[in-house]
2 protein chains.
Amino acid sequence: MKLSSQAQAFVLHFGEMGSRWGFNRTVGQMFALLTIHPEPVNADQLAQALKISRGNVSMGLKELQAWRLVELHHLPGDRKDYFTAAGSIWDLARTVFEERRKRELDPTLTLLRQLLLNEPQDEQEAEAQERIQEVYDLLELLDQFANTLSRLQQKDLLKLMKLGSGLSKLLELKGKVKGGPSKAK
Amino acid sequence: MKLSSQAQAFVLHFGEMGSRWGFNRTVGQMFALLTIHPEPVNADQLAQALKISRGNVSMGLKELQAWRLVELHHLPGDRKDYFTAAGSIWDLARTVFEERRKRELDPTLTLLRQLLLNEPQDEQEAEAQERIQEVYDLLELLDQFANTLSRLQQKDLLKLMKLGSGLSKLLELKGKVKGGPSKAK
DNA sequence: TACAATTTTCAGAAATTTCTGAAAATTAAG
DNA sequence: CTTAATTTTCAGAAATTTCTGAAAATTGTA
């Protein structure tokens with residue numbers, strides 16, 4: 001497998017950005033490669049193209065599977081496992097988005113919920129709990145919103161994202177229109 | 001400065017989560033402490049409360065300033081610098097969101113834009129460019145949407161996030177209502 | 001200016017994460 | 001069952017990130 005210099009640059013960049021997106025350099029590179037390369041690729045090809053060890057590829061694929069970002073394929077007459085990116089670019093983005101929501105929000109929500117169960121023992125703690133409650137409310141709302149977005153049909157999501165400044169105008173309409181959506185909360 | 005066990009747990013958790021949110025453990029802890037502690041805190045107090053070195057505190061504060069998450073204060077008759085979290089929880093969340101958009105999206109958009117300037121030299125490259133274009137279009141749209149959300153008034157943002165399943169209903173309305181927002185391209 | 005208080009810097013130490021490669025485990029075919 | 005192909009594991013090595021603490025720089029006061 002040879003990568004064009006375009007592909008090379010794309011892959012290397014996704015490696016660099018990897019850590020910001022929640023995976024390490026080689027996992028980022030593997031993901032990028034599978035994303036620009038439409039044909040299924042096996043582990044040896046990945047190792048060769050990215051110049052990393054076979055063991056590292058195995059671990060990276062395991063992680064990409066945990067993220068549900070890759071699909072396993074088999075080619076007739078070949079015992080090797082072949083991989084492709086799972087679905088369209090939009091599917092991939094949605095999956096990364098959901099997975100990050102889970103990893104970045106859920107553990108914190110769980111902890112804060114526990115903290116809020118305790119009765120504050122003094123004025124100091126009562127004050128701290130107030131702030132914790134504020135953080136909790138906000139993260140909970142964010143979490144629900146992220147969930148709502150994940151569940152939207154692609155065409156609705158596209159419509160929403162393209163609204164731009166039309167979004168606030170649309171929000172003004174809410175509840176003011178006969179037969180429109182009813183007031184939430 | 002003594003932290004209640006509540007506060008302690010909160011701070012430690014934000015330390016653990018720190019890396020997922022874009023900063024390291026101690027920066028996460030410092031941010032958490034400033035968030036639950038309403039009164040201004042100086043560097044020595046941070047070092048003492050978090051049991052880290054003075055130098056580390058200095059570096060962490062520099063980073064929090066780069067993120068625009070802290071505000072500097074001075075107490076009369078005290079030469080030390082005092083810090084608080086910058087603004088309300090909502091302000092902080094908005095700042096983190098904006099800052100992450102910049103760090104996670106912008107560099108990639110810049111690179112992809114450059115890659116798309118090159119004329120593809122062969123069929124292989126043309127195909128790769130198609131995929132790069134798809135990724136670019138999606139990230140660009142995401143970037144703009146994130147910008148739109150950042151600029152929304154808090155009350156509109158709240159309204160939007162609380163819509164839940166009402167969101168798709170509201171989207172159906174778009175363009176169908178006399179005097180409603182005009183169709184965005 | 002001189003001086004003490006305070007903050008910043010940064011070289012090296014410590015901690016953590018990632019990677020390699022050989023050995024172990026698994027899988028499929030005969 | 002045996003064998004060969006393939007994948008996984010994981011101990012230690014390498015790379016990277018974070019942290020410390022002493023020295024240098026800066027700041028405010030007199």
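Remember, it's a predicted structure, so these values are computed and weren't measured experimentally. The sequence lines fix the lettering, A, B, ..., with proteins before strands; numbering per chain opens at 1.
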Seminar exercise, completed: Tracing side-chain contacts under 4.5 Å among Ile, Leu, Val, Met, Phe, Trp and Tyr outward from B:Leu117 reaches none
Exercise. CG of B:Leu64 versus P of C:dT8: gap in Å, rounded?
Worked result: 13 Å
Seminar exercise, completed: Among D:dT6, D:dT20, C:dT9, the one nearest any side-chain atom of B:Ile52 is D:dT20
Exercise. In whole angstrom, what separates B:Asp81's CG from D:dT26's P?
Worked result: 15 Å
Exercise. Atom CG of A:Leu50 to atom P of C:dT18: distance rounded to whole Å?
Worked result: 16 Å
Exercise. For the pair made of CG in A:Leu75 and C1' in D:dT6, what is the distance, rounded to whole Å?
Worked result: 14 Å
Exercise. What salt bridge (charged side-chain N to carboxylate O under 4.0 Å, His left out) pairs are there with at least one residue in residues 108-133 of chain B, not counting sequence neighbours?
Worked result: B:Arg131-B:Glu134
Problem set entry | Inter-end axis angle, the helix from C:dT1-D:dA30 to C:dG30-D:dC1, with every axis fitted to five base pairs (rounded, 10 degrees) | 30°
For this session: Determine: side-chain N/O of A:Lys62 to OP1/OP2 of D:dT7, distance under 4.0 Å, yes or no.
Result: no
Exercise. A:Val135 and side chain to side chain contact (heavy atoms under 4.5 Å, CB included): which partner among A:Ile132, A:Asp137, A:Leu139?
Worked result: A:Leu139
For this session: Give B:Leu61 one of three labels, base, sugar-phosphate or nothing, depending on what nucleic acid heavy atoms sit under 4.0 Å from its own.
Result: nothing
Exercise. Tell me, which pairs form a side-chain hydrogen bond (donor to acceptor under 3.5 Å, both in side chains) where one or both residues lie in residues 28-39 of chain B, sequence neighbours left out?
Worked result: none
Exercise. Over how many whole Å does the gap from B:Tyr82 atom OH to D:dT27 atom P extend?
Worked result: 19 Å
Problem set entry | Where protein sits on nucleotides 21-30 of chain C, one letter per nucleotide: B base, S sugar-phosphate only, - none, heavy atoms under 4.0 Å | B-----BB--
Problem set entry | Non-neighbouring partners of A:Thr95 that pass side chain to side chain contact (heavy atoms under 4.5 Å, CB included), sequence neighbours left out | A:Arg68, A:Leu69
For this session: Could you note down all residue pairs passing salt bridge (charged side-chain N to carboxylate O under 4.0 Å, His left out) where residues 45-61 of chain B supplies at least one of them, sequence neighbours left out?
Result: B:Asp44-B:Arg54
Problem set entry | Which residues share a side chain to side chain contact (heavy atoms under 4.5 Å, CB included) with B:Thr84, sequence neighbours left out | B:Pro40, B:Glu71, B:His73
Exercise. Excluding sequence neighbours, so at least two apart, what forms side chain to side chain contact (heavy atoms under 4.5 Å, CB included) with B:Lys62?
Worked result: none
Exercise. Which atom names give the shortest non-hydrogen contact between A:His74 and A:Lys80, and what distance separates them?
Worked result: CD2-O, 3.4 Å
Problem set entry | Close residues, residues 24-48 of chain A, relative to DNA chain C [heavy-atom separation under 4.0 Å] | A:Asn24, A:Thr26
Problem set entry | Residues in side chain to side chain contact (heavy atoms under 4.5 Å, CB included) contact with A:Asp106, at least two apart in sequence or another chain | A:Arg101, A:Lys102, A:Leu109, A:Asp143
Exercise. What pairs meet the salt bridge (charged side-chain N to carboxylate O under 4.0 Å, His left out) rule with one or both residues in residues 12-29 of chain A, with sequence neighbours excluded?
Worked result: none
For this session: Return the value, rounded to whole Å, for the distance between atom CG of A:Asp78 and atom P of D:dT7.
Result: 9 Å
